[in-house]
Amino acid sequence: MTGAILGGRSSAVDLSVVIGFRDWGLDRLATALQAHALSPFYDRIEVIVSDYGSSDPEAVRQVSEAGAARYCRTDVDGPWNRSRALNAGINVAAGSALVTTDCDVLFTPGLHQTVHDLLSADPATVQLLQCRDLPRHVPVIGAKTFDWTTLEQESVFRPRWGMGGMIAFSRDAYELIGGYDDRMHTWGGEDKDFANRLRWSGHRTSWIDDPALRIYHIWHESSSGAATASAEGTAAIEHNKGITLNDRTVFRRPRTRRSTPAATVCVATRNRSAYLQQCIDSILFQRFENFELLILDDGSTDETRDVVASVRDPRIRYLQADASEGVAVARNRLVAEAASPYVVIHDDDDLMLPWRLDAHFSALEPGRHGSYGGWIDFDESSGELSVETGKAMESAALLFTGKVLAHGTLMVRTDVLRRFAYNQDMLAGSDYNLVLRMTHSGVILAHTGEFHILRRLHGGNLTHTLSDHQKESSRRTTNLLRRRYDKTQEVEGRARARALKPVACRGQDELDAIARPYLPDRLTTRQVMISGLRGSDFEESRRLLEEGGARCAARLSLSENGVLGNETLHARGVTWPQLIQLRALEATLDVHRDAGDGSQDDDVEATEPHADAIISTFLQRLIADGGTPAGIVSLAYGPATAELAQSLWASDDGYRDLALVGWRQYAGVVHHHHDVTEALDRVSVLRSTPDADVVLVDLTDKALRLRLAPVGGP
Amino acid sequence: MKFSLSTDPTRHSTTIVAEPAEYDAWPLLPTIDVSAMPYRIHPDRAAVACSLIFHGSVSGSFAITPPCSPHVASALRAWFAPVDIHVMDIEFVPGMLAAGDATMHVSADLMTALPSSTDVDAHDVMFHVLPEGAGFLASRAGLWVISNALLLARDNESPLKRLLPALGLAILFAEDFLANAVALTDVDLAHDPETAQKLRALLDATGIQLRG
């Protein structure tokens with residue numbers, strides 16, 4: 001998918017109108033743009049036509065620019081996806097007030113300014129308008145001016161259903177929920193889903209009801225009717241309906257990087273440069289990439305600045321305090337500086353598990369202000385692991401029992417954190433104090449059911465160095481809030497706290513498998529399966545890994561059309577810096593602890609059966625499809641392939657030139673070669689055979705780097 | 001939005017729950033706790049109190065039991081405009097509002113000191129809300145309560161709007177203190193005249209004047 005932006009006006013913009021478009025009729029588009037252009041507010045508006053894969057983009061661009069609209073193009077080959085079209089348009093929009101609409105909707109001239117003024121007066125609203133449908137016989141296509149009185153008289157009121165037609169909201173509101181849900185496609189549901197999530201996040205809907213302010217829908221054949229004409233369309237509509245009805249998550253969005261981050265990871269640090277690099281690496285390795293990393297250096301005198309400067313990632317922002325003012329002041333400054341709607345708290349000596357941000361957002365449902373998860377302690381010296389899953393959030397439990405929630409596993413709405421703020425008078429314990437104050441005020445935090453961090457246990461933990469302060473502040477906080485409970489309530493609260501069981505976290509019974517691969521390099525060895533690598537990325541990744549000391553092997557795949565190719569790169573001895581480099585690729589990474597002895601043979605042993613199965617399947621399919629190939633040279637094989645070859649040779653049925661060349665012998669293989677040169681000679685012979693249908697499966701080294709090389713014909 | 005108020009005589013506390021309906025925003029905090037309990041709450045004042053505390057979340061239906069008077073229902077529609085609301089149940093049998101002649105001075109500044117006797121008229125009372133802590137303080141001079149209602153104020157609102165949740169709580173206690181007027185400490189009504197005008201009309205429907 002690619003995007004481009006062309007044309008448009010460059011004056012200051014107060015309101016952006018975004019129209020999603022794909023081959024919906026250039027005449028309708030031109031007419032709608034003409035209606036927008038009649039707004040007296042037009043010099044403060046930009047209209048963006050977001051073209052989502054029209055067959056003639058140049059024509060759409062010309063119509064857009066003729067209508068003084070900006071043109072935004074997304075090249076796609078999938079079904080119509082209005083969510084993606086609107087998200088793409090909003091991504092390039094300049095206005096702080098946003099309107100999404102369609103190319104078949106006419107706005108009355110005063111509407112734009114009213115919408116803007118209403119949103120300015122109360123940004124926490126979603127402005128909606130009931131659409132009126134124009135009948136077929138009312139001629140508006142191609143009009144330069146509109147008789148609004150006639151349109152009002154001729155049009156038919158459409159009930160408040162689906163929220164379609166026009167929806168207006170602030171940019172902040174849009175960012176808070178992550179935009180339109182782009183899993184929805186083909187037809188229907190996205191506006192309703194979007195408006196629901198805006199309500200869940202604190203924005204009330206307001207229907208504009210003024211006869212002078214209308215939107216009119218230009219008549220055309222029913223889009224829903226067209227969509228339901230196919231089985232795929234019907235399925236898509238049901239799919240969209242399922243999301244609208246069943247998905248209660250507030251935040252949706254591709255997790256890829258965008259100009260506006262969805263979350264701010266806040267790290268306050270002081271003189272911990274030895275740990276900071278690993279901390280940063282673990283954050284940058286998140287699967288969810290749409291975040292900023294805000295690091296506040298609270299007056300460090302070590303190499304902290306150099307460590308941060310050495311990391312090249314545009315998502316990092318570094319703030320420096322001249323002198324240490326304490327962790328509470330530092331954290332408040334981080335929260336104040338956050339440029340996203342959600343703050344993720346992370347300690348500078350901890351490591352973030354790669355699914356953490358995903359888990360946070362998946363747990364955000366209506367009424368929840370944030371989420372937290374379990375934590376795994378690791379001993380800085382030995383790497384020994386111990387686990388705390390945390391407990392369900394209950395304010396009394398936080399007061400009367402421990403191990404409910406670790407502050408460093410939290411994500412909270414930025415506006416909520418700003419309301420409470422860390423208590424700057426406290427030398428220690430301001431984190432516990434904050435959590436207790438929030439939860440006793442009604443802030444709801446949800447457990448994600450996932451582990452979020454690897455918490456490093458070392459001699460310099462604040463809990464150790466400020467132990468007395470920590471205990472004192474904890475007691476003061478607890479004693480204050482206990483006064484909210486009378487005797488009976490305290491007894492009941494303590495009973496509830498005791499009854500709370502630890503939350504089950506994914507992987508808690510297989511810590512070595514889920515946690516150990518992400519420990520610092522000196523405490524673990526890891527292997528990575530890298531799949532989905534495209535083109536040159538495969539070789540580039542392999543080079544990068546091998547230069548860094550990792551050992552690599554390839555696994556094969558056989559596509560539907562019989563093409564043999566590289567499927568997965570299997571790397572062992574991968575380091576944290578290499579993980580970060582791999583994350584930058586558009587590939588799927590599967591990280592495991594490496595329990596083996598690290599020998600090259602282990603790689604091959606692990607890979608070979610897979611290769612053997614693939615090659616034998618490949619040969620069978622080739623023979624079945626091609627009749628009587630004169631020769632096949634496979635430079636890699638195993639027992640299954642050898643067995644197949646022997647049966648072919650034994651049949652004496654035209655496969656005598658089938659040659660297998662392998663680097664490893666198998667018992668029972670009668671006809672094989674061990675030498676690559678000999679195999680290549682064999683290929684030369686086969687090449688000279690006019691009718692040969694020859695395929696070379698080329699094993700160029702012991703690491704099973706295979707590729708398909710058709711060599712048939714003269 | 002559907003509102004319900006309950007008091008707990010054991011704890012001397014009040015709880016207000018807002019349950020969002022089809023058009024409402026989900027309030028940042030749907031349950032508001034107040035560390036004190038009013039002894040008498042007129043339905044009209046309860047409705048107005050809820051409309052002030054949750055002023056930024058209401059759209060569409062407005063339901064509260066017991067129902068408010070037609071006069072207050074009209075005032076609520078005007079208060080929420082241009083957002084359209086519909087009061088779901090109305091008590092058409094006329095009822096008396098409590099009399100009083102005191103002014104409640106409403107504040108929500110954490111640093112506001114206890115008033116000295118020279119600060120206010122002898123008939124006046126202070127109503128002060130703190131966002132955190134425990135317990136309440138009641139004296140002839142006024143009432144100091146703890147409530148999370150203050151957290152409903154939004155950063156980007158005018159000082160007057162930010163004080164509306166505290167004012168809503170004050171309205172709940174006005175009858176106990178025989179107050180027929182409120183004054184907002186440290187808020188200049190002239191800075192947000194449109195809201196001030198609408199607020200004056202809303203409070204007037206419950207027999208309370210807005211001073212300043």
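Every chain is numbered from 1, with letters handed out A, B, ... down the list of sequences.
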So, [X] versus [Y]: side-chain donor-acceptor pair below 3.5 Å or not?
X       : Y       : value
T108(A) : R214(A) : no
H86(B)  : S61(B)  : no
Q209(B) : D204(B) : no

> Under the side-chain hydrogen bond (donor to acceptor under 3.5 Å, both in side chains) criterion, do N423(A) and S430(A) qualify, and how do the steps go?
Replying inline: CA-CA 6 Å; N423(A) 189 328; S430(A) 60; over 6 Å; no
>> Less than 4.0 angstrom from a charged side-chain N to a carboxylate O is my criterion; do R494(A) and E394(A) meet it?
In response: no
> Testing K241(A), R197(A), R252(A) for salt bridge (charged side-chain N to carboxylate O under 4.0 Å, His left out) with D247(A), which one passes?
Replying inline: R252(A)
> Highest number of heavy-atom pairs under 4.5 Å with chain B: which of R204(A), R418(A), R419(A), R482(A)?
Replying inline: R204(A)
Residue part contacting chain A, namely of [X], when any heavy atom lies under 4.5 Å:
X       : result
I146(B) : side chain
P27(B)  : neither
A81(B)  : neither

Given that the side chain runs from C-beta out, which part of [X] has a heavy atom under 4.5 Å from chain B: side chain, backbone, both or neither?
X       : value
D486(A) : side chain
Q489(A) : side chain
R437(A) : side chain
I208(A) : neither
H203(A) : backbone
V126(A) : neither

>> For the interface with chain A, which of N148(B), L150(B), N156(B) has the highest count of heavy-atom pairs at distances below 4.5 Å?
In response: N148(B)
> Who among T31(B), V83(B), T10(B) has the most heavy-atom pairs with chain A under 4.5 Å?
Replying inline: V83(B)
> Can you name the closest pair of heavy atoms from F80(B) and S51(B) and give their distance?
Replying inline: CZ-CB, 3.6 Å
>> Check for me whether the distance between the ring centres of F136(B) and F173(B) falls short of 6.0 Å.
In response: no
